[in-house]
Amino acid sequence: MTARTMTRWLAPAALALCLAGGATAEPGEDRYSDLDNPMTPADMQGASVLDVERYRPTYALEGCASDFPEAREPDAGLAAALKGAQAFSHKHKGLGLLVLHDGVPIHESYAGGASVTSTSASASMMKSLIALLYGIAIRDGIIGSVDDPIGDYLDEWAQDPRGDITLEQMLTMSSGLAPSDFMKIIFAPDIGAEAVKLELAGEPGSEFSYNNAVTKLLTLALDRALSAQGKGGVLEYLEAELWCPIGNGPARVWVDPAGKARGYAGMQATLRDWARVGELIRNEGRAGGEQVVPESWIAAMASPSDANAQYGLHVWLGREHTPQRAYSKENPVKVPHSEPFEAQDIVYFDGFGGQRVYVLPSHDLTVVRIGEVDLTYDDSRIPNLLARAVE
């Protein structure tokens, strides 16, 4: 029996025993830290992305760490491109850069106090993990399909027009819901209770509008569906069905004071952990000889949505170029893209201010980059330097 098959047969409590090598405990017991000492607005002031201890409370993923592949030396042309990529990252407050070519590390560098064991506040890169979990949950019969109305999973909206919004419209950020209150969605004692207060502001499916509360609602819906079927919740499912099967190690998830996953942000993991997630996508959902996520779901995630060709199912895409990529018409923040992506099939996770996982399937590249927030960070530079070097 493979590790993947074994984890699917184990109940959450038995899984905790398997992973920890210790006594059986209730799911989640002793996994939480600082539930009575949540992050405050003052904690955010001047925080580095490496100051993960400020992001409280957290839930510990014990993980199932596997060996990382041994590095190899790149050829001269690729080495020059890697030098340029590292220089660009450093110029824009970079703290870490990891590049894999055909699954093999060819560059790994750190700066500013970061190291191979450092975890960071990855911001919205967590959103893409929620999308991957939806693909697994549909395969497992926890969720019916992306065509389901979200009201099927949120009792508060069961008899409400908002309940007619489909999961696909939520995953493509075309929900039609009003923008959320940033401070409340960060600091509310129960973020789910805050998110369900959002009102409709437009026709679902008609307009792209990136919204943290939308991902929180998706996370809440999945959490309740899992609980209803005796499968624990999102945090246990994340560890058992995604984090462990791809061989990732210990990590922490920033949760709300109610102990629930935020979904829109919060994964504190190493660059190598993120690289394994990127490799999962590059390999069409396979890791360690197992189909962890359905291949069809990876294809669906990477398909341009009707509302925005630059966005799929909670991942960003490179099919259409705009010099300034927008999150919504209301949001003044724009991300520079000085040129089109060389790899039209690029799929990437976007964490605020320059946290990225880039996956270029056609070029066999996976790139992870973290840094301090820099709104001048140009998304096209690193992937294009590397893509040209391997063409």
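The structure presented is a predicted model; accordingly, all values stated were derived computationally and were not measured. For reference, positions follow the sequence shown, starting with 1. What you see below is based on every heavy atom in this structure, not just the backbone, and it leaves out hydrogens, waters and symmetry mates.
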Hey, mind stepping through D374 and H92 against side chain to side chain donor-acceptor pair (under 3.5 Å) and telling me if it holds?
CA-CA 6 Å; D374 185 339; H92 291 271; 3.1 Å; yes
Closer than 3.5 angstrom, by distance alone: can the side chain of R276 be matched with the main-chain N or O of S66 as a donor-acceptor pair?
yes
Going by distance alone, is a donor N or O of one side chain under 3.5 Å from an acceptor N or O of the other, for T270 and T119?
no
Here the gap from D256 atom CG to M39 atom CE, rounded to the nearest 0.5 Å, amounts to 14.0 Å
Measuring from I370:CD1 to S118:OG, what's the distance to the nearest 0.5 Å?
7.0 Å
Any side-chain donor-acceptor pair under 3.5 Å between Q310 and T322?
yes
For the residue pair H337 and F341, does the interplanar ring angle fall in the parallel (under 30°), tilted (30 to 60°) or perpendicular (over 60°) class?
perpendicular
Side-chain donor-acceptor pair present, T172, S174, cut-off under 3.5 Å
yes
Hydrophobic cluster membership, I143 vs V315, 4.5 Å side-chain cutoff
yes
With sequence neighbours left out, which residue pairs that include part of residues 214-226 fulfil the side chain to side chain donor-acceptor pair (under 3.5 Å) condition?
E156-R224, T215-H314, D223-K260
Taking L218 as the starting point, is it possible to reach W254 by hopping between hydrophobic residues whose side chains are less than 4.5 Å apart?
no
Can you check whether S89's main-chain N or O pairs, donor with acceptor, with R369's side chain at less than 3.5 Å?
yes
Does H321 have more than 12 heavy atoms from other residues, nucleotides or ligands lying within 6.0 Å of its NE2?
yes
With no hydrogens and no angle check, do the side chains of Y237 and D140 hold a donor and an acceptor under 3.5 Å apart?
yes
Look at R282 together with E279 and state whether they make a salt bridge at an N to O cut-off of under 4.0 Å.
yes
Assess whether atom CD of Q324 is packed by more than 12 heavy atoms of other residues, nucleotides or ligands within 6.0 Å.
yes
Taking every non-hydrogen atom, the tightest pair across I150 and A221:
CG1-CB, 4.3 Å
In terms of hydrophobic clusters joined by side-chain contacts under 4.5 Å, are L129 and Y55 together?
no
Hey, does the side chain of E236 reach the backbone of G233 with a donor-acceptor pair shorter than 3.5 angstrom?
yes
Under 4.5 Å between side-chain heavy atoms, counting indirect links through other Ile/Leu/Val/Met/Phe/Trp/Tyr residues: same cluster for L97 and F349 or not?
yes
Scan for salt bridge (charged side-chain N to carboxylate O under 4.0 Å, His left out) pairs involving residues 314-338, sequence neighbours excluded, and state none if there are none.
E207-K329, R325-D350, R325-D379
Quick one about N212 and S180 (side-chain donor to acceptor, distance below 3.5 Å, no hydrogens or angles considered), yes or no?
no
Taking 4.0 angstrom as the limit, do R56 and D43 come out as a salt bridge?
yes
Quick one: closest heavy-atom pair of L235 and A261, and the distance?
CD2-CB, 3.8 Å
Checking Q291 side chain against V293 main chain: does a donor-acceptor pair fall under 3.5 Å?
yes
Run the salt bridge (Lys or Arg N to Asp or Glu O under 4.0 Å) test against R54 and tell me which residues pass, sequence neighbours left out.
D51
Distance col, row Y134:OH vs L222:CG, nearest 0.5 angstrom, shows 5.0 Å
So NE2 of H101 and OG1 of T366: to nearest 0.5 Å the spacing works out to 10.0 Å
Check the pair Y311, L317 against side-chain contact (heavy atoms from CB on, under 4.5 Å), reporting the backbone distance first and the verdict last.
CA-CA 5 Å; Y311 203 74; L317 309 175; 5.9 Å; no
Using the rule given for side chain to side chain donor-acceptor pair (under 3.5 Å), can you reason through S48 versus E372, listing the C-alpha separation, both sets of side-chain angles and the distance that settles it, and then say yes or no?
CA-CA 6 Å; S48 163; E372 302 295 7; 2.6 Å; yes
Drop me the distance from I138's CD1 to L133's CG, to the nearest 0.5 angstrom.
11.0 Å
Group every Ile, Leu, Val, Met, Phe, Trp and Tyr by side-chain heavy-atom contacts under 4.5 Å, then state whether M170 and I191 land in the same group.
no
Can you establish whether the number of heavy atoms outside E391 located under 6.0 Å from its atom CD is more than 12?
yes
Show the nearest heavy-atom pair for residues A265 and S124, with the distance to one decimal.
CB-N, 4.5 Å
Evaluate side-chain contact (heavy atoms from CB on, under 4.5 Å) for Y110 paired with L95, printing each intermediate quantity in order.
CA-CA 5 Å; Y110 298 92; L95 296 171; over 6 Å; no
Ignoring hydrogens and geometry beyond distance, is a side-chain donor-acceptor pair present between D147 and T166 at under 3.5 Å?
no
side-chain contact (heavy atoms from CB on, under 4.5 Å), that's the test. Do V347 and V357 meet it? Break it down for me.
CA-CA 8 Å; V347 175; V357 176; over 6 Å; no
Go through the steps for S122 and S120 under the test side chain to side chain donor-acceptor pair (under 3.5 Å), then give the verdict.
CA-CA 6 Å; S122 58; S120 63; 5.8 Å; no
Set out, in order, the CA-CA distance, both residues' side-chain angles and the distance that settles ring-ring contact (aromatic ring centres under 6.0 Å, His included) for F88 and Y377, then state yes or no.
CA-CA 9 Å; F88 176 80; Y377 176 81; 5.7 Å; yes
Quick test of your reading: applying salt bridge (charged side-chain N to carboxylate O under 4.0 Å, His left out), list the pairs with at least one residue in residues 75-85, sequence neighbours left out, ordered by first then second residue.
none
Set of residues satisfying side chain to side chain contact (heavy atoms under 4.5 Å, CB included) with respect to K184, sequence neighbours excluded
D181, E194
Side chain to side chain donor-acceptor pair (under 3.5 Å) between S209 and N211: does it pass, once the steps are laid out?
CA-CA 6 Å; S209 185; N211 188 337; 5.6 Å; no
Looking only at heavy atoms, what is the nearest atom pair of A111 and G94, with distance?
CB-O, 4.0 Å
Considering only residues two or more places apart or on different chains, which pairs with a residue in residues 295-312 satisfy salt bridge (charged side-chain N to carboxylate O under 4.0 Å, His left out)?
none
Hey, mind stepping through Y264 and V214 against side-chain contact (heavy atoms from CB on, under 4.5 Å) and telling me if it holds?
CA-CA 8 Å; Y264 59 80; V214 165; over 6 Å; no
ring-ring contact (aromatic ring centres under 6.0 Å, His included), paired with Y358, selected from W316, Y348, W274:
Y348
One should read off an interatomic distance between D273 CG and N248 CG, to the nearest 0.5 angstrom, of 4.0 Å
Less than 4.0 Å between a side-chain N and a carboxylate O, is that true for R31 and E239?
yes
Do the side-chain N and O atoms of Y153 and D148 include a donor-acceptor pair separated by under 3.5 angstrom?
yes
Whether R139 engages the ring of W297 as a cation-pi pair (distance to the six-membered ring centre under 6.0 angstrom, angle to the ring normal within 45°) should be assessed.
no
Report the C-alpha distance between E339 and R388 in whole Å, list the side-chain angles of each, state the deciding distance to 0.1 Å, and finish with yes or no for salt bridge (charged side-chain N to carboxylate O under 4.0 Å, His left out).
CA-CA 13 Å; E339 58 183 354; R388 288 170 182 143; 3.0 Å; yes
